[in-house]
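First comes the structure, then the notes that go with it.
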Amino acid sequence: MLRRRALAPLLALALLGSLAACSSSDSDGTPTTTAAKGDGTTTTKPADVGTDAAYEGDGPHQVGTTSFALADGRRVVAWYPAADAAEDQPKETFDIASLLSPALQAKIPADKRPIYEIDAHPGADQATDGPFPVVLFSHGYAGFPEQSADLVTHLASWGFVVVAPDHVERSLSGLLGVAAKGVPKQTDPKVLSLALDAAIGDAKREQSPLHDLLDVDRVAVVGHSAGAGAAYAEATAEPRVKAFISYSVGFQGEGDEAPPATPKVPGMVMAGTDDGIIPFAESEKVYAAMAAPKYFVKIDGAGHLVFSDLCLIGRDLGGLAGLIKEVGLDLPAQFSRLASDGCEQGDLDPVKAFPAIDHLSVAFLRSTFGIDEAPVGLEPGVTKAFTEAKVTLTADPG
């Protein structure tokens, strides 16, 4: 099993909701940059081919994990840079079926209820070179905090504390479990801000693995799908947030519903061209409306779930859709569609895209927070390093 390639929900529900410069590739694969001129014409020149994908692999830290609760009882999970000794400790395990109601769990045979391993170590001693920037993570519709285990643990290995609340208003445990029972409804940005407050509070406890580990002057927010919209909105509403990344984002509200105000902080949008849930063009629109500095990552052939670990579960049973059928859960066809978008034959294998997603996420955050004296791996040519997926990076650093 690949490092940190773990976790996905047993089932999922449906979510239906001009550039100054852009990069592309010539027919021979040479990256080019097209820039707008004042007279309305464009010029094309070879782009700098920076192939330093420095953050593609694991970072220098082991990863620890801990959890705590908000005042209303909803669960928050955190992953953080841990000491080297954590490598010898047990790894985090997660029973995805435990998110379901007792009645639904009773329908799942024991041999169809696997326990999944995440490459993080519960309660491990923290790394000693902190404090570290904080990254809030917002999961997708019918998702959960651990849904993008590869991404959150990768960020932690590179020196970020990731804080992920359970949006019980739309999470798997809230929709098909009991996590929402007795919990007042909150907006996504409110939940994310409360999670940040709770993490700061937990870090004041001497016995907490997060004790004095958070750099609260450097906070970012990231999210996938419904969580991508939440990250965008939080970047506008929360003054402590200094950057955001939205993975598969679009605002297709019904009626006169308007998208959130445009964030004034640096942002990155990533999207798969074959996304059947949030069309690629919607993510392009979001990026076009953003202010610089901004970055857009296009992943050819990738579906909606490429930014999560959801396609990796039950592959021997035909993926999530096959697993749903195997355990006898009778769900509408559109639910299975969300559970399989990006996981089917012909879609880009998400594992092939993970290196680009991981590297570009880390590179953007490190550059934005000034961790790197100069940007590393954010030139359009860096995508030449990712040979198993066709990735295009559009950069408008302002």
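Computed from a prediction, not measured in an experiment: that's the story for all the values here.
The main-chain N or O of Asp88 is never found under 3.5 Å from a side-chain atom of His121 such that the two would form a donor-acceptor pair. Judged purely by atom type and a 3.5 angstrom limit, Ser340 has no side-chain atom pairing as donor or acceptor with the backbone of Cys343. Side-chain atoms of Gln126 never come within 3.5 Å of backbone atoms of Ala83 as a donor-acceptor pair (strictly under, hydrogens ignored). Put simply, the side chain of Ser157 gets close to the backbone of His154: a donor and an acceptor are under 3.5 Å apart. Side chain of Trp158 to backbone of Ala363: no donor-acceptor contact under 3.5 angstrom is found. No donor-acceptor pair under 3.5 Å is formed between the side chain of His139 and the backbone N or O of Pro145. Formation of a donor-acceptor pair under 3.5 Å by the Thr66 side chain with backbone atoms of Gly123 is not found in this model. When atom types are taken as modelled, the side chain of Ser283 and the backbone of Val249 share a donor-acceptor pair closer than 3.5 angstrom. In this structure, the side chain of Glu169 engages the main chain of Gln186 through a donor-acceptor pair within 3.5 Å. Side-chain atoms of Gln105 come within 3.5 Å of backbone N or O of Leu100 as a donor-acceptor pair.
Pro189 approaches Ala233 most closely through the heavy-atom pair CG-CB, 3.8 Å. Nearest heavy atoms, Ser248 versus Ala228: O-CB, 3.6 Å. Scanning both residues, Thr368 and Pro266, for their nearest heavy atoms gives CG2-CG, 4.0 Å. Smallest separation of non-hydrogen atoms from Ala292 and Gly398: CB-CA, 3.7 Å. Val376 and Ala54 get closest at one heavy-atom pair: CG1-CB, 4.0 Å. In this structure, Pro81 and Ala156 approach most closely via the heavy-atom pair CG-O, 3.4 Å.
Linking ILVMFWY residues whenever their side-chain heavy atoms come closer than 4.5 Å, directly or via other members, places Phe132 and Phe68 in the same cluster. Tracing side-chain contacts under 4.5 Å through hydrophobic residues (I, L, V, M, F, W, Y), one reaches Val135 starting from Met268; they form part of the same cluster. Both Val216 and Val241 are part of a single hydrophobic cluster, where members link through side-chain heavy atoms under 4.5 Å apart. By the criterion of side-chain heavy atoms lying less than 4.5 angstrom apart, applied directly or through intervening Ile, Leu, Val, Met, Phe, Trp or Tyr residues, Val168 is not grouped with Leu192; the two fall into different hydrophobic clusters. A continuous path of hydrophobic side-chain contacts links Leu172 to Ile108 [ILVMFWY only; heavy atoms under 4.5 Å].
Using a 4.5 Å heavy-atom cutoff, the side chains of Val76 and Val163 are in contact. Residues Leu214 and Pro131 have side chains not in contact (no heavy-atom distance under 4.5 Å, counting atoms from C-beta outward). Proximity of Tyr80 to Gln62: side-chain heavy atoms (C-beta onward) are nowhere separated by under 4.5 Å. Side-chain atoms of Tyr232 and Phe251, non-hydrogen and from C-beta on, do get closer than 4.5 Å to each other. Residues Ile371 and Pro133 have side chains in contact (heavy-atom distance under 4.5 Å, counting atoms from C-beta outward). When side chains are defined from C-beta on, Lys298 does not count as touching Val391, because their heavy atoms never get closer than 4.5 Å. Within the 4.5 Å cutoff, the side chain of Leu210 has no heavy atoms near those of the Ile200 side chain. Side chains of Ile299 and Leu348 form a contact here, defined as non-hydrogen atoms less than 4.5 Å apart.
Rounding to the nearest 0.5 Å places CZ of Phe280 at 10.0 Å from CG of Asp275. A distance of 11.5 Å separates OG in Ser101 from CG in Leu175, rounded to the nearest 0.5 Å. In this structure, CG in Asp341 is found 6.5 Å from CG in Asp347, a value given to the nearest 0.5 Å. Between the OG1 atom in Thr93 and the CD1 atom in Ile118 there is a gap of 8.5 Å [rounded to 0.5 Å]. The structure places CG of Leu378 at 11.0 Å from CZ of Arg366, a figure rounded to the nearest 0.5 Å. Distance check: Glu282 CD to Ile277 CD1 gives 13.0 Å after rounding to the nearest 0.5 Å.
Not less than 6.0 angstrom separates the ring centroid of Tyr295 from the ring centroid of Tyr287. Outside the 6.0 Å centre-distance limit, the rings of Phe137 and Phe144 are not counted as a close aromatic pair.
Counted within 6.0 Å of CD on Gln345, heavy atoms from surrounding residues, nucleotides or ligands total 12 or fewer; the atom is thus considered open.
Ion pair Arg205/Asp212 not flagged as a salt bridge, since none of the NZ, NE, NH1 or NH2 atoms sits closer than 4.0 Å to an Asp/Glu carboxylate oxygen. Salt bridge annotation for Glu379-Lys384: absent, with no cationic side-chain nitrogen under 4.0 angstrom from a carboxylate oxygen. The pair Lys352-Asp349 fails the salt-bridge criterion, with no side-chain N (NZ, NE, NH1 or NH2) lying under 4.0 Å from an Asp/Glu carboxylate O.
Side chains of Ser225 and His304: a donor on one and an acceptor on the other come within 3.5 Å. Asp372 and Ser367 are not linked by any side-chain donor-acceptor pair at a separation below 3.5 angstrom, with hydrogens and angles left out of the test. Counting only N and O atoms by type, the side chains of Glu238 and Ser193 include a donor and acceptor under 3.5 Å apart. Between the side chains of Asp166 and Ser173, at least one donor-acceptor pair of N or O atoms lies under 3.5 Å. Remark: the Asp202 side chain and the Ser208 side chain contain an N/O donor-acceptor pair separated by less than 3.5 Å.
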**Request:** Tell me, with the steps shown, if Asp188 and Arg170 meet salt bridge (charged side-chain N to carboxylate O under 4.0 Å, His left out).
**Result:** CA-CA 10 Å; Asp188 285 344; Arg170 54 178 174 80; 3.1 Å; yes
**Prompt:** Could you walk me through whether Phe354 and Asp309 pass the side-chain contact (heavy atoms from CB on, under 4.5 Å) check?
**Reply:** CA-CA 10 Å; Phe354 283 170; Asp309 291 32; 4.1 Å; yes
**Request:** Give the intermediate values and the outcome of side-chain contact (heavy atoms from CB on, under 4.5 Å) for residues Phe386 and Glu56.
**Result:** CA-CA 9 Å; Phe386 308 114; Glu56 173 184 357; 4.0 Å; yes
**Asked** Would Ser138 and His167 count as a side chain to side chain donor-acceptor pair (under 3.5 Å) if you check the C-alpha gap in whole Å, the side-chain angles of each, and the deciding distance to 0.1 Å?
**Response** CA-CA 8 Å; Ser138 183; His167 295 277; 2.9 Å; yes
**Prompt:** Is there a salt bridge (charged side-chain N to carboxylate O under 4.0 Å, His left out) between Glu146 and Arg75 once you walk through the steps?
**Reply:** CA-CA 11 Å; Glu146 299 90 347; Arg75 185 171 66 102; 2.6 Å; yes
**Request:** Kindly determine whether Ile245 and Leu365 satisfy side-chain contact (heavy atoms from CB on, under 4.5 Å), including the steps that lead there.
**Result:** CA-CA 9 Å; Ile245 305 176; Leu365 293 172; 4.2 Å; yes
**Asked** Can Leu196 and Val219 be said to form a side-chain contact (heavy atoms from CB on, under 4.5 Å), step by step?
**Response** CA-CA 9 Å; Leu196 176 58; Val219 179; 4.1 Å; yes
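Under the side chain to side chain donor-acceptor pair (under 3.5 Å) criterion, Asp129 pairs with His61, not counting sequence neighbours.
Exactly one of Tyr55, Tyr247, Phe307 qualifies for a side chain to side chain contact (heavy atoms under 4.5 Å, CB included) with Ser361. That residue is Tyr247.
For the pair Lys242 and Phe369, the cation does not sit on the ring face, since its NZ or CZ is not both under 6.0 Å from the ring centre and inside 45° of the axis.
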